[in-house]
Structure formats: structure tokens, C-alpha cells
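Here the structure is laid out as C-alpha cells; the discussion comes afterwards.
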Amino acid sequence: MLGFSLPGVRVPHRKTTAHMPAVTMPPPALVTIPMQQHIGAPATPIVKVGDNVTVGQVIANAGGYVSSPIHASISGVVKAIDQVQLTNGTFSPAIVIASDGEMTPCPSLAPVSVTNYDEFITAVRDSGAVGFGGAGFPTSVKLDIKDTSCVDTILINIAECEPYITSDTQTVMADTDYIVYAIKALHQFLNANNIIIGIEKNKPQCIKRLSVATQELSYVTIKSLPSLYPQGGEKVMIYNTTGRVVPEGKLPIDVGVIVINCTTLAAIAKYILTGMPVVSKCLTVDGSAIASPKNVIVPIGTPISDVIDFCGGYKAEPCKILYGGPMMGIAVNELTAPVLKNNNAILAFDAKDAAEPKTTPCIRCGKCVSQCPVNLNPVLISKAYRNNDTAALEELKVNLCMECGCCSYICPTKQPLVHRNKLSKVMLRNAKAKEEKK
Amino acid sequence: MSQLFISASPHIRSKNTTTRVMLDVIIALMPAVVASFLLFGGRSLLLVATSVATAVLAEFLFNLICKKENTLYDLSAVVTGILLALNVPVSLPLWQIAVGSAFAIIAVKGLFGGIGQNFANPAIAARIMMILSFGGTMSVFHYPADTVASATPLAMISGGAERMLPDTLDLFLGRYAGCIGETCSLALILGGVYLLIRKVISWHTPVAFIGTVFVGSFIFSMPPVAEILTGGLLLGAIFMATDYSTTPITKSGKLIFGFGCGLITLLIRKWGSYPEGVSFAILFMNILTPYIEKWTVSKPLGGAKK
Ligand code: SF4
Ligand code: SF4
């Protein structure tokens, strides 16, 4: 329907785990469950040290409207309630649970009856679902729209465009029924008559599975997207499937679209149908230093090191460990950092893959400009950043940068372009804050 | 384990490097170098070798004296050396090409801060310097097979001797008098196609440049085919007007740049005293590049119109 899609870059796929169904990891000795696993207020703990908890039991209530409840991911005893440092460097209170090795499910878990919109939103909220694909925005808030008529399209994001990662693929294959149930619920309770499944065409098995499963649902269309990173970027997907442009400072809903990740949908359906909230996450564990790459279902709060041990440990000295994919993931130095709800991969690289390329002078080839999906000019942004020119940064719309990393990836001189964009955003924010103080 | 490496995303990079880009340009120039040998004989290879050797040596010494990092690995000096040599007549004394080549690297590139910083294309600026300083030897052209000097096709056109033009096939294969690398259109087009396939250049500048000259020739009643196949137009449009440092970064900027080059080339050819005009056109547009860039800042997707 659209003449062309937005630019992007052809990253290597390296999806070696694409055909490895997820295996469930045995409970670790200890989980550390942060109260801040979502955008918004941290959850408020409702258990004390020494309490016995079971899998799926609420251990912290949502700390406000924009927040999400948190559940015990293993059964055992609450050992501590502490501050922990998260992978992004911030601190959050966390509940530490020592496992009893039983994984006893919470006895009060039961299917939830959902018959209308309000009950649906409550269920979504109670499930603990957050945006699994990205920043962890509470899903209940995203779906809580006062007037369902202002949304005409719901987009289900199965792009999974980051190299290595195949955890969404596994979820689609294993939880097809849950996803279909959730699609029906969105249709019924949000009056969504146009549900588009956006899926990168390098996942034919998922496309086939979903086409069959949604055959009878006339309101569902499956759009296969080119394998061009970053198809999964919210704005990119909205443009490539509907042709709509989300203006600066606006949300998808302002153009009548809601985007939901497929794993988030599966989690909501699982909660409604079985009563089990979000207590685990499917992760892809891969990279040149991992002995046996796998897709693993991991209890939330499991230390990264335990997950790696479960995958056979290292086959080469790990020099860089990533939380997330290679394009947008964070390099971590603390292997005790816990797995969070919005984590979808752990990658460990050997010395060769971890080596930083040498930066040479910019040759003005223009690749960073022509490959930016949102048509920014990273060369000028870098220049404005070096000159401390916040007016120019604003003019260049650096805030529209989605930090996808295409520019840095493609740059022949290996300029740290995204990184400068991130710093530029901070510079702009600080400058604005200062102005307001005056 | 203790020294885990922390760095900003992305954690994978494309294999592309400056060296790879320049290597592609060198590969793309090879057909033209071979053609110059076939058409003009062994002396053209001597010119290319002298030019490249001087460029490389000049860059090495310049960096050494200025205590800068050695940048020979990026191969850009080699590209400049080849390009300059392709832009001179076969009879040029070797010391003159050496002077031109050193000028390109030191005065036009090095003194402005090296790769990516220079505002003028080194090969173009050096060629113009040579036309002005070595006018006598820079404007004597030989037919490939002949030993006596003869007129270039453009000189024939501006001299009103259009009927003496070689036929189109000869123009296409380069069998006429001119600079050693500019005459064989076939070789230049091959190189251009390679650069497009390797995505080293985009089509915008060459198409706008050549297209403007082609269409403009009709308007000014000049022979369009001869205008685009001769006078270094293809060499300039494909290899020099697409130089990264000295031309606009954005697509619309590239179109404007190519259009401007084409227009100035036409004007110089029609009314100027140098029949060729391509080098002057590119140099002039190089100077305008910063302004073109200002007018053509890309419009970000979703950049709210206030
Ligand atoms: S991609 Fe890199 S070298 Fe090319 S213009 Fe952008 S910053 Fe410069
Ligand atoms: S400027 Fe931002 S949005 Fe554009 S390619 Fe770079 S990281 Fe992606």
C-alpha cells in the first residue's frame, strides 16, 4: 500500500536460536525483584522480611496510576528489602526472596472473569504487564483510553528486529492461543476493528502460525515487514503499516494507534485464563562467549550470572555482557543485576566481538543522514553538541531521535553518533530546566 | 571476568570503513586507468604512478612535520593522486604533475585539517592551479595515436568546427584528444555503476549534473551527446562532484549541487574562454556547499511544524 518504507540498516540477523523452543530454568537460589521495572512510580512492598511467599503472589502494589504491581517469581522466604542498582545505573528498592526450591504456585490464583472494558483494564493492571518490548510502560495505562473511538488501529509488534533475539518468536510459537485470545479481547473490549500484526518477514514460521490462527478474525491483518532494522521502533512500525506520522512530543494514540508487543499480549491472556501474572520472562541467551545459546524462561529477578550458568557458562572469556540486543542494549559490569520484566536478551561477547572499533575523522559520507529512519542529521547534531549550541539542537529536533543506533552502525568512521545524540538530549533538558528556573 | 567492557550502544558496527570506501573508489577508477593506457600509451601509467607516489609521500611528510597521526591507511591520498593524473594531458612533464599532486594534498587538504575538512576538492583545485600555472603544457592535447597536437571535441565545437567531431562511437570509447582519463566514457560509466552498486555514491549528483548539461545543450543549441561525453564531464560528475567532503550531505542538497555544476559548466562552455568548464563549475559549487547545506537541512519525520 505504501510506496516505500522508512530507511534503516541491514543488520546481521544472527538468530541462531530462532528454532530453539524456550526451556524453563530451575529456580535460582535467590531472586532480587526491583520495585521499579516500569516507567512511573515504583511499586510499594506489602510483604516483610521473613514472610513466606508463593509464585504469583502479589508482593508489591502499584505505587500510583502510572505503575504496576509486582509478584513473587519463586516460592520461598523474603530475605531482605534493599536498594539495588539496576542495569541502567539507577537505584530501586527491591525484594530479595530465597528459594525453597519448590516453585509452589500461590493457592489463590484462579482465572479472572472479564466481561467488560473496566474489568479488562483491571485485569491488565493486575497481571503486572508492562511494555515488554521497550521501556516498560505499564500496559494498563496505555490501554486505559477514556474514549475508545479515538483509537482506530491496534498494532501488534512482532518485529523483533534486533540481531540475536528470538524470544518473541518463541512466545508466538508457544503461546499462539494466548495471543489470539488477547486479540479477541482487544476487539471486544476496545472496539478495535482494525488490528494489524506487524512482523518482520524473516520469521516465516510465526507468520504462518498466526495467519492460520487468525484466519477467521476479519478484523486482523498480518503485515509482513522488510527485514530492515529498526522495524520494531514504534514510530517506524506505525509509519510502515499505516502511513501515519507521530508528531514530535505526541504519542501513537494521538494518531489513533496503540502499539502492543506480542509477549505483553500473551502475558495478559495468560493472567486472565489461568490467574498467573507476570513472574517470568523468556530471554534469548546468546553471543560468541556463551557455551550453549538458548531461549530460556527465567523467573523475574534472577541474577544474570545464574542465567548464563544455566546456558553452560562461557566458552570464551566474556569481555562484554549486554542486557538487551546489540543495537540498543546496555553493557553491564554487574553480573548480579537481576532480569527485569522488559528484558528480552542477555548476550555475552568474546574479546573479538567486544572490541571497540577505532574512530577516524568524519568523511561526510552522509550515510548517517540517509539511513536515519526519522531523517535526522547526526552530523549537524554532533556539531551543535560540541558547540554547546542548544538552540541548534532544538532546531535539529534531536528529541525525535529514537536511539535506534542506525547512524552509529552504518558510519564508516565509527563516530559515536547515537551516544552524542543521547548526551545532546540531556544537554537540551538541562538547558531548559535552567531557563525555567530563571 | 573483572574487566568487563562497558561502552555505549550500538555494540555491533557495519564493516564499512573509510579505507573500504576509498578502495571502492580506486577500484572504480581502474577501468579509466586501463583505458588511458590503451588509448594514450604507457606514459599515462607513468603519470598516474608519479601522481600517486607524490600524493602519498606528501601526505606522509605533511603528517610527520605537523606531528599528526599517519593517515595513509585511509587511501584517500591514492584516490586524489589517480584523479589528478586522469585530469591531465598525456604530454605533461612529470615534475608538473608532481607539483600539482603535492599541492592537492598539502595546500588543499592538509592545511584545511585533513580528510573531511577541506572545502575544495583537492584534485580539482590542483588541476585549476596547474591550468593557471602550466597553461602551455596543460592545454596541449594529443590524439591517442597521433604525435601532433590536435583540438579537443569541445574546442572544435566552440571553434565552429562541429562537423569535424569524431563519431559517437569514438566519443564513447574515448578515441579523441583530451586528458588521459576523461575521454573513455565507457570506462567512466563502468566505474560509476560500480560506485552506485556499492552505495559509495548516490545517483543524485551525477544525474542532476549530466541531466542539466544534456537538457541545457538543447536549449543553447549545442550538440548534447558530445557535450556530455567529452570535456571531462563524466569524470567530474561521477568522481569529483560526488566527493564527500566538498559537496552537500543531503539528497536535496546533492540535486541542487549537481544542477548548479551543470548550469555553470554550460555557461562556461558557451561563453567562457575555457571550453571545458567542469573543473571551474565544481570548484565554484564546492564554495557554495555550506550555503546549500543550510538551505537543505533534512526535515525530521514528525518534526512538528510550528
Ligand atoms: S556516517 Fe559517519 S562519516 Fe559519514 S557523515 Fe555520518 S558521521 Fe560522518
Ligand atoms: S539519529 Fe537517532 S533515530 Fe536517527 S539513526 Fe541515529 S539513533 Fe536512530
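Protein chains get the first letters and strands the later ones, always in sequence-line order, with residue 1 at the start of each. It should be emphasised that the depicted structure is a prediction, and the values quoted were computed from it without experimental measurement.
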Q) Residues of residues 200-214 of chain B under 4.5 Å from chain A (heavy atom pairs)? A)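 Answer by number: B/Val200.
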Q | Any residue of residues 10-33 of chain B which, by heavy atoms, sits under 4.5 Å from chain A | A |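 Expected list: B/Pro10, B/His11, B/Ile12, B/Arg13, B/Ser14, B/Lys15, B/Asn16, B/Thr17, B/Thr18, B/Val21.
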Q: Return yes when atom OH of B/Tyr194 has more than 12 non-hydrogen atoms of other residues, nucleotides or ligands closer than 6.0 Å, and no otherwise.
A: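 It does: B/Tyr194 OH has more than 12 such atoms within range.
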Q: Give a yes or no on this: more than 12 heavy atoms of other residues, nucleotides or ligands lie within 6.0 Å of atom CD of A/Gln85.
A: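 Enclosed: over 12 neighbouring heavy atoms sit under 6.0 Å from CD of A/Gln85.
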Q | Electrostatic pair B/Glu69:A/Lys358 at N-O distance under 4.0 angstrom | A |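 Salt bridge present between B/Glu69 and A/Lys358.
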**Q.** With sequence neighbours excluded, residues passing side chain to side chain contact (heavy atoms under 4.5 Å, CB included) with A/Asn375
**A.**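 Scan of A/Asn375 (side chain to side chain contact (heavy atoms under 4.5 Å, CB included), adjacent residues dropped) gives B/Ser298.
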Toward chain B, the part of [X] with a non-hydrogen atom under 4.5 Å:
{"X": "A/Val332", "value": "backbone"}
{"X": "A/Asn399", "value": "neither"}
{"X": "A/Cys372", "value": "neither"}
{"X": "A/Leu417", "value": "neither"}
{"X": "A/Met327", "value": "both"}
{"X": "A/Arg244", "value": "neither"}

Q | Closest non-hydrogen atom pair between B/Tyr73 and A/Thr360, with its separation | A |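 Result for this residue pair: OH-CG2, 3.1 Å.
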**Q.** side-chain hydrogen bond (donor to acceptor under 3.5 Å, both in side chains) involving A/Thr16 - partner list, sequence neighbours excluded
**A.**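 Checked A/Thr16 against side-chain hydrogen bond (donor to acceptor under 3.5 Å, both in side chains); matches are A/Asp286.
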Q: Evaluate the side-chain proximity of A/Arg364 to B/Gln117: yes if any heavy-atom separation is below 4.5 Å, no if none is.
A: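 Side chain of B/Gln117 against side chain of A/Arg364, heavy atoms only: no contact under 4.5 Å found.
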Q. Any side-chain heavy-atom pair from A/Val374 and B/Pro300 closer than 4.5 angstrom?
A.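 Counting from C-beta outward, A/Val374 and B/Pro300 never come under 4.5 Å.
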**Q.** Top of A/Glu356, A/Glu403, A/His419, A/Lys422 for chain B proximity - count of heavy-atom pairs under 4.5 angstrom
**A.**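 It is A/Glu356.
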**Q.** Step-by-step side-chain contact (heavy atoms from CB on, under 4.5 Å) determination, B/Ser7 to A/Lys320
**A.** CA-CA 9 Å; B/Ser7 65; A/Lys320 196 192 242 182; 2.8 Å; yes
**Q.** Test side-chain contact (heavy atoms from CB on, under 4.5 Å) applied to B/Phe5 and A/Ile321, step by step
**A.** CA-CA 8 Å; B/Phe5 198 61; A/Ile321 294 186; over 6 Å; no
Q) Of the listed residues (B/Pro248, B/Ala8, B/Ser9), which shares the most heavy-atom pairs with chain A below a 4.5 Å separation? A)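 Most pairs with chain A among the choices: B/Ser9.
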Q: Please determine, among B/Gly113, B/Gly116, B/Gly114, B/Ser245, the option with the most heavy-atom pairs under 4.5 Å with chain A.
A: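 Among B/Gly113, B/Gly116, B/Gly114, B/Ser245, the one with the most close pairs to chain A is B/Ser245.
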Q) Will you find, in the side chains of B/Lys199 and A/Ser370, an N or O donor that is under 3.5 Å from an N or O acceptor? A)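 No - no donor-acceptor pair under 3.5 Å links their side chains.
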